[in-house]
Amino acid sequence: MECKQNQMLSNCTCTYTSCSKRGKCCECVMYHRKNGELPGCFFPPEVEKTYDRTIERFIKTYQEKK
Ligand code: SF4
């Protein structure tokens with residue numbers, strides 16, 4: 001299977017532009033999962049830009065949106 005990094009990069013909403021995992025969704029997921037977190041693209045822009053990728057922040061964010 002061919003890597004789709006360039007295609008994924010154009011859809012990446014992560015604002016941490018110096019991260020080497022941008023566009024490599026498999027590495028991004030693995031990294032954040034290992035740390036009890038979720039990738040930046042799971043968060044709305046105002047939360048994504050805080051770089052708080054914790055599952056706790058994810059749950060809090062969407063509970064507040066109800
Ligand atoms: S979500 Fe995390 S691992 Fe993924 S590109 Fe952004 S900073 Fe890098």
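Numbering of ligands and ligand atoms starts at 1, following listing order. In this text, all values refer to a predicted model and were calculated from it rather than measured experimentally.
The nearest pair of heavy atoms linking Cys14 to Arg53 is SG-NH2, 3.3 Å.
Not a single heavy atom of Lys24 lies less than 4.0 angstrom from ligand 1.
A side-chain hydrogen bond (donor to acceptor under 3.5 Å, both in side chains) with Glu48 is found for one member of Thr61, Thr15, Thr13 and no other, namely Thr15.
A 4.5 Å side-chain heavy-atom check between Cys19 and Tyr31 finds every atom pair outside the cut-off. With a 4.5 Å cut-off on side-chain heavy atoms, Tyr16 and Ser18 count as touching. Proximity of Cys12 to Gln5: side-chain heavy atoms (C-beta onward) are nowhere separated by under 4.5 Å.
Each of the following atoms of ligand 1 lies closer than 4.0 Å to a heavy atom of Cys19: 3 (S), 5 (S), 7 (S), 8 (Fe). Taking a cut-off of under 4.0 Å to the non-hydrogen atoms of Arg22, the atoms of ligand 1 that pass are 5 (S).
In this structure, of Cys41, Gly40, Cys28, the residue bringing a heavy atom nearest to atom 4 (Fe) of ligand 1 is Cys28.
Among all protein heavy atoms, the one lying closest to atom 3 (S) of ligand 1 is His32 NE2, 3.2 Å.
Coordination check, Cys14 versus atom 6 (Fe) of ligand 1: passed, since an N/O/S atom of the residue sits under 2.8 Å.
In this structure, a donor-acceptor pair under 3.5 Å is absent between the side chains of Asp52 and Thr50.
Residue-level proximity to ligand 1 for Glu27 is absent, since no heavy atom of it falls below 4.0 angstrom.
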